[in-house]
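Written out below as structure tokens is the structure these notes cover.
Source: prediction; values computed, not measured. Chain identifiers are assigned alphabetically (A, B, ...) following the order of the sequence lines, protein sequences preceding nucleic acid strands; residue numbering begins at 1 within each chain.
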2 protein chains.
Amino acid sequence: MATLKDIGAELGLSAATVSRALNGFPEVSARTRDRVREAAERLGYRPNRSAQRLATGRSGVVGMIVKLRADMSADQTFFEVLAGLTAALAARDTDLVLAVDQGDDPVAPYARMLERDLLDGFVLNAPTADDPRPAFLRAHGVPFVMHGQHCARPDYPFFGIDNPAVSRDSVEFLVALGHRRMALINGETRFAFAAERAGAFRDAMAAEGLALPEGFVASGPPTESAGYTAALPWLAGRCGPRPTAILCASTPQAAGAMRAARDLGLKVPRDLSVMAHDDALPHTDALRFDPPLTVTRAPMRDACAPLAQQLIDHIDGAPAARLQTVIRAGLTVRGSTGPVPQGEETPWPRTTPPVTQAPG
Amino acid sequence: MATLKDIGAELGLSAATVSRALNGFPEVSARTRDRVREAAERLGYRPNRSAQRLATGRSGVVGMIVKLRADMSADQTFFEVLAGLTAALAARDTDLVLAVDQGDDPVAPYARMLERDLLDGFVLNAPTADDPRPAFLRAHGVPFVMHGQHCARPDYPFFGIDNPAVSRDSVEFLVALGHRRMALINGETRFAFAAERAGAFRDAMAAEGLALPEGFVASGPPTESAGYTAALPWLAGRCGPRPTAILCASTPQAAGAMRAARDLGLKVPRDLSVMAHDDALPHTDALRFDPPLTVTRAPMRDACAPLAQQLIDHIDGAPAARLQTVIRAGLTVRGSTGPVPQGEETPWPRTTPPVTQAPG
DNA sequence: ATCATTGTTCAAAACGCTTTGAATCAGTGT
DNA sequence: ACACTGATTCAAAGCGTTTTGAACAATGAT
């Protein structure tokens, strides 16, 4: 295996110059750089990672904790993220090591990983509303990046979508179609994204002057059956006048809602509009919607490269404030939404005094 | 962060002695070793992995390729193995990095990983009958360990179970109960373990002088529906006299076979004996069998520590021949097997001349 | 001719560990 | 007293990088 010294000897240069040339430092002449690059290529030079890491003081390893369910399965998104992250991190000469965890303490696995190995940082995912991990890792001085965000304005690097906008855009879109009774099938409320979406959904309804009885906000996992179970009583009219539009946190939930409508003889979009947020996970792409589903869309796949980039920049010392990305999901109108049905333009009655709209 | 030199300074020793003391070399006196250990503990010493790796010439990283299905899911056993392996490898100061792969070429992902990073070795799993990976990795001089084995007598380190014995023990057990018509619901035939089990099943039947029409060996994934689909026509008598015992490659398949029996009004074990090989995966533990299932059992969880150990020993230079573990699955008799039903003691008719038993 | 300036390169130190070969020290037998 | 052991310990070299501080050469200005 060729080393820097070998290349230097080959060209009559010092190892220092060769190192600089390969790392693109400005003070080496263009001619030298080219000669070095050529020789490195020719000799099949591969930098020794251990030596690089020793010299730079970094381990070149970042960690991620995989939260397992009791049945030893993980989030559907896991492999998608794993594939994307390993590739993106590899491009920056960094390895990803995983630890699986089944415990109740959210920070314990991080503590274990920290004391065992020296990691350069962590990738966190699935933030909960009162997530203790950011404070814990900050206290230990460990860089990390979050996939998502656990509060509206975090002080750490993260990549997430504008969750309030998802709800707001959806409500406004439905209102423009004349809808006045919109229900929400949300994600699991322990997750921060779900809390944000629910809050913004309520705010948006209030901003439109529309009542929203509590019973018309459900929450559950991103499964077809969760969508079905939530939608069925609403559409059967068991909770009061049925909603004319249902907003779902995930596409499988939307599939369930549509099945509930079908079972009750309701036509989409004639009698009911259904829309969802779409993470564009490959396994849900297989869901064939009829009619095709109107969605707000933000491919999860697109998160990996920025996450890797931002984490490594943060490890390299970039301030967190510069490493925050919020993307706005785009609204794609398809066939599952339509104008409010004739005669169904009445909002729900107010069950409680109107909510005072939050400032801002 | 304390270094070896710090500890040496603290005790008036050289870094070399401290290194030896901590690594348990025999030439340091017991007193010194204790003092060093105490000081290391007190100063919170953690060895710098990069420095260790640079000095020893090893990267401290081993790789594993995760084969994904088209729907971005992996083997059910994946997380079980991941958790066990990372823990076992961590105990030997080694990290596991994963690469996910969806391609058709079995060796391409290994080639990619090799050229990108310098790995100390690989963990391979799910060997197929004509697995090209051992030859490829050997040609590149990369150590590896196999979970399972791709042929009867491999020349590489592996940890696997004695698959022929699984079939043999099961057949002999059923024969002892008087059964003469046994059918096999096997694993997917591309996997080596399934080929071994099928071969040994046929041999064992032949050794008992029993006919085995081709139609009574099925194969499929380890799912309940695969078991059901395979068993139903047999039990309905559509393929000739129905088997009095069914041997399954996995417990979900056994669940399917038992459901098929129930649907046809057959009682287990009165009318049909069912047994299976049990990998003891946690997600299948949830399967409640009624009656409880007779199994050959070899917990997959037990494979991780030996796999890690053998791989690292191999990297350290131990010869492959010393690093091969074959465990014999134990037979646990429960309620799903019983004596052959009265009047069903007749073997299947020979459809072809009796197979000459393979030597050995 | 001299002096600064800029651009390019180098030798050497550092990173923290392992390992080699030599040195020290106690104890033993002569 | 002597050399000879065996048990401990040490200083130094090395692993392959990155980075520092200095050196060198070419250029331009004085």
Side-chain angles (χ1 to χ4, degrees), chain A residues 1-37 39-40 43-61 92-95 117-120 312 315-317, chain B residues 1-37 39-40 43-61 92-95 117-120 312 315-317:
Chain A
M1 188 95 299
T3 71
L4 287 186
K5 208 188 286 184
D6 295 338
I7 299 181
E10 177 90 2
L11 300 174
L13 291 173
S14 73
T17 304
V18 175
S19 169
R20 288 201 164 86
L22 291 175
N23 291 327
F25 278 56
E27 62 263 47
V28 340
S29 69
R31 203 178 97 75
T32 306
R33 176 161 42 242
D34 290 346
R35 287 174 59 217
V36 168
R37 293 243 168 94
L43 300 178
Y45 171 74
R46 312 254 110 214
N48 181 315
R49 297 248 183 277
S50 302
Q52 282 182 320
R53 289 165 180 178
L54 176 59
T56 58
R58 286 218 274 287
S59 73
V61 176
R92 311 269 313 239
D93 295 330
T94 302
D95 291 327
D117 231 83
L118 358 210
L119 295 177
D120 289 339
I312 292 181
I315 291 168
D316 286 348
Chain B
M1 188 94 300
T3 70
L4 286 187
K5 208 189 285 184
D6 296 337
I7 300 181
E10 178 88 3
L11 300 175
L13 291 172
S14 73
T17 306
V18 176
S19 168
R20 288 200 163 86
L22 291 174
N23 291 326
F25 278 55
E27 61 263 48
V28 341
S29 70
R31 201 178 99 75
T32 306
R33 176 164 38 244
D34 290 345
R35 287 173 61 220
V36 168
R37 293 242 168 94
L43 299 180
Y45 170 75
R46 313 253 111 215
N48 180 315
R49 298 249 184 276
S50 302
Q52 281 182 319
R53 289 165 180 180
L54 177 59
T56 58
R58 289 219 270 288
S59 72
V61 176
R92 311 269 315 241
D93 296 330
T94 303
D95 291 327
D117 230 82
L118 355 216
L119 296 176
D120 289 339
I312 293 181
I315 291 169
D316 286 348

Minimum heavy-atom distance between B/Leu118 and A/Arg49, given as atom pair plus value:
CD2-CG, 4.4 Å
I need the minimum non-hydrogen distance between A/Ser59 and B/Ser50, along with the two atoms involved.
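Shortest heavy-atom contact: CA-OG, 4.2 Å.
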Is there a side-chain contact (heavy atoms from CB on, under 4.5 Å) between B/Tyr45 and B/Leu22 once you walk through the steps?
CA-CA 11 Å; B/Tyr45 170 75; B/Leu22 291 174; 3.6 Å; yes
Using a 4.0 Å heavy-atom cut-off across all strands, classify A/Thr3 as base, sugar-phosphate, or nothing.
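Sugar-phosphate: the residue A/Thr3, judged by heavy atoms under 4.0 Å, touches backbone atoms but no base.
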Over how many whole Å does the gap from [X] atom [atom1] to [N] atom [atom2] extend?
{"X": "B/Asn23", "N": "C/dT20", "atom1": "CG", "atom2": "C1'", "value": "16 Å"}
{"X": "B/Leu22", "N": "C/dG16", "atom1": "CG", "atom2": "P", "value": "16 Å"}
{"X": "A/Leu118", "N": "C/dG16", "atom1": "CG", "atom2": "P", "value": "11 Å"}
{"X": "B/Glu27", "N": "C/dA22", "atom1": "CD", "atom2": "P", "value": "16 Å"}

Got a donor-acceptor contact below 3.5 angstrom from the B/Asp120 side chain to the B/Gly60 backbone?
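At least one qualifying donor-acceptor pair exists.
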Test side-chain contact (heavy atoms from CB on, under 4.5 Å) on B/Val36 and B/Leu11; report intermediate values, then the result.
CA-CA 8 Å; B/Val36 168; B/Leu11 300 175; 3.9 Å; yes
Please work out which residues in residues 52-61 of chain B have a non-hydrogen atom less than 4.0 Å from an atom of DNA chain D and list them by number.
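Correct list: B/Leu54, B/Ala55.
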[X] [atom1] to [Y] [atom2] distance, which is reported to the nearest 0.5 Å:
{"X": "B/Arg37", "Y": "B/Asp34", "atom1": "CZ", "atom2": "CG", "value": "7.0 Å"}
{"X": "A/Leu43", "Y": "A/Asp6", "atom1": "CG", "atom2": "CG", "value": "7.0 Å"}
{"X": "A/Arg35", "Y": "A/Thr17", "atom1": "CZ", "atom2": "OG1", "value": "10.5 Å"}
{"X": "A/Ile315", "Y": "A/Arg58", "atom1": "CD1", "atom2": "CZ", "value": "7.0 Å"}
{"X": "A/Arg53", "Y": "B/Leu54", "atom1": "CZ", "atom2": "CG", "value": "12.0 Å"}
{"X": "B/Asp95", "Y": "A/Leu119", "atom1": "CG", "atom2": "CG", "value": "8.0 Å"}

All N/O contacts under 3.5 Å from nucleotides 10-12 of chain C to the protein, with atom names and distances to one decimal?
residue	atom	partner	partner atom	Å
C/dC10	OP1	A/Gly12	O	3.1
C/dC10	OP2	A/Ser14	N	2.9
C/dC10	OP2	A/Ser14	OG	3.3
C/dC10	OP2	A/Thr17	OG1	2.8
C/dC10	N4	A/Arg20	NH1	3.1

Report yes if at least one side-chain N or O of A/Thr32 is closer than 4.0 Å to OP1 or OP2 of C/dT8; otherwise report no.
no
Quick check for you: name the first and last nucleotides of DNA chain D, 5' to 3', having an atom under 4.0 Å from a heavy atom of chain B.
D/dT8 to D/dG16
